[in-house]
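Scroll down for the structure; my scribbles are underneath it.
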Amino acid sequence: MNTDVVVNITNLNKSFGDNHVLRGIDLQVNRGEVVCIIGPSGSGKSTLLRCVNMLETPTAGTVVVLGRELTDIDCDLDEARAHIGMVFQQFNLFPHMTALENVCVAQRKVLKRSADEAAKIAHGLLARVGLVEKDNAYPAQLSGGQQQRVAIARSLAMNPDVILFDEATSALDPELVGEVLQVMQSLAQDGMTMLVVTHEMGFAKGVADRVVFMDGGVIVEQGPPSQVISSPVEERTRAFLSSVLNH
Amino acid sequence: MAISKRKKAQYRRIAVYVLSVVALLAVALVVDWGRLQSAMFQWDIVIEQFPGILTNAAKNTIIFTIFGFAGGLSFGLLFALMRLSTIRPYRWFAATYIEIFRGIPLLVTLLILGFGIPIATGWHWPNPYVQGAVPLALVASAYMAETIRAGIEAVPKGQMEAARSLGMSYSRAMITIIIPQALRIIVPPLTNEFVLLIKDTSLISVLGVTEGTRDLARFGRDGVNHTANATPLIVAGLVYLAMTIPLTQLVAWMERRAKAASR
């Protein structure tokens, strides 16, 4: 695996008023790597992810993605975000557009692809995430799992260099989680760089190259899943894992 | 034996129907229908109103309404976006504008802009249509700005985030993702605004319109002066209803359809 750094976060801090959510995060993600961020709710993991594409503006520190320093005021965020995919907990599909249009709209408006080209790509991507003959379905006509797969296809259509997954399966009915994880796993196998905030320990264990455990706005421990999940060093990691795994 | 609750409710319902019928009959017997008709609904006067009430008056009412609505919608959208802007002076300006034009009665605004401005500046309105439609649009835009703002705010925050994270600019996301959804949400209240505007055009006649630019209400009043009979006003009222009822029914239909779709 080649080791270009795709995401490079240095001394990241984020406060909401008096609430100091991120307290000096340093994190690098290499090309082709799948990094899972785990941790209790309120630990700052979603905020960290949202700082990577600047949906939240960090209070201090730098975020560099593909050599662009997003925290620099001169950085063109729209241009940078076009290379950073994001998949949300609530899917956030555009409800007034069909599945195909959802996957086409940014290709057309941002990448300026032709209608035919965008539709062809979108059709192929919908098939890739296992949605055949759903091109003309509106989000409301799809199950949560299907909606999330459309959202993944929508991200993929931009040919992103990295995709951020913000608890992509947390809003799904339990029986629909598998189909989304399966798509994510196949992306990982195809070499996609992924930064994944998740509660799915099975996924983290099976798919991640590296697991990052966060608590209280800092990274407590990180390493390969065999280490962080199977034999954590830190007490806080052990406490979290035992509470997650034993229910 | 005590009467059960459901039986009681049933009796009550029957009683309401009976009382309603009795009340209607009483009114029908008390009213002097012949006198009422001769004062308010003489057929020959009704017929006299046509076709002028349609080709002249209703046409003018529709022209004023459409210009007022189109102007109100465009400026309303502009003020709504300013209200939501991160730039404070924009917010201040829009908020002040909305407060002023919502707070002053349309009648007063019409008089200030229609008469006051020419007196104060020496500038004259190019024609009576513009003189009437511009104040109407300015007031309508204040109301519509609030409606549109509420519509935009009703679109979930995640929609803007999803659009931005795909690389769309703020304005691109607004135009492509947010505003189309907001418009869908506000079609019923906007149609209501349209109905209100149809009725508000009746105030424009205070600006002293000519025969050619009379609206429906003025046409009816002139008819009363002409015939010494209230029939022209009744006909004018019926023409208003002929315009507004289809619209309110359309809104009701759209709301039913939206409800069915969201189920």
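Proteins come first, then strands; the chains are lettered A, B, ... in the order of their sequence lines, and each starts at number 1. Predicted, not measured: the structure shown is a model, and the values here were computed from it. Basis for what follows: all heavy atoms, side chains included, without hydrogens, waters or symmetry-related copies.
- Nearest heavy-atom pair, A/His96 versus B/Ile177, reported as atom, atom and distance to 0.1 Å: CE1-O, 3.6 Å.
- More than 12 heavy atoms of other residues, nucleotides or ligands lie within 6.0 Å of OH in B/Tyr97, so this atom counts as buried by the packing criterion.
- Within 6.0 Å of CZ in A/Phe16 there are more than 12 heavy atoms belonging to other residues, nucleotides or ligands.
- At a heavy-atom cut-off of under 4.5 Å, chain B is reached by A/Lys109, A/Val110 from residues 107-125 of chain A, listed in order of number.
- Other residues, nucleotides and ligands contribute only 12 or fewer heavy atoms inside 6.0 Å of the CD atom of A/Glu133.
- At a 4.5 Å heavy-atom cutoff, the contact between B/Arg164 and chain A is made by backbone and side-chain atoms alike.
- No more than 12 heavy atoms of other residues, nucleotides or ligands lie within 6.0 Å of CZ in B/Phe75, so this atom counts as exposed by the packing criterion.
- Enclosure of atom OH in B/Tyr240 by more than 12 non-hydrogen atoms of other residues, nucleotides or ligands within 6.0 angstrom is indicated.
- Partners of B/Glu193 by side chain to side chain donor-acceptor pair (under 3.5 Å), not counting sequence neighbours, listed by chain and number: B/Thr147.
- By the 4.5 Å heavy-atom criterion applied to side chains, A/Pro95 and B/Gln159 are counted as neighbours.
- Contact residues of residues 83-94 of chain A toward chain B are A/Ile84, A/Met86, A/Phe88, A/Asn92, A/Leu93, A/Phe94 (heavy-atom distance under 4.5 Å).
- Within residues 46-82 of chain A, the residues that have a heavy atom under 4.5 Å from a heavy atom of chain B are A/Arg50, A/Asn53, A/Leu55, A/Asp78, A/Arg81, A/Ala82, listed by number.
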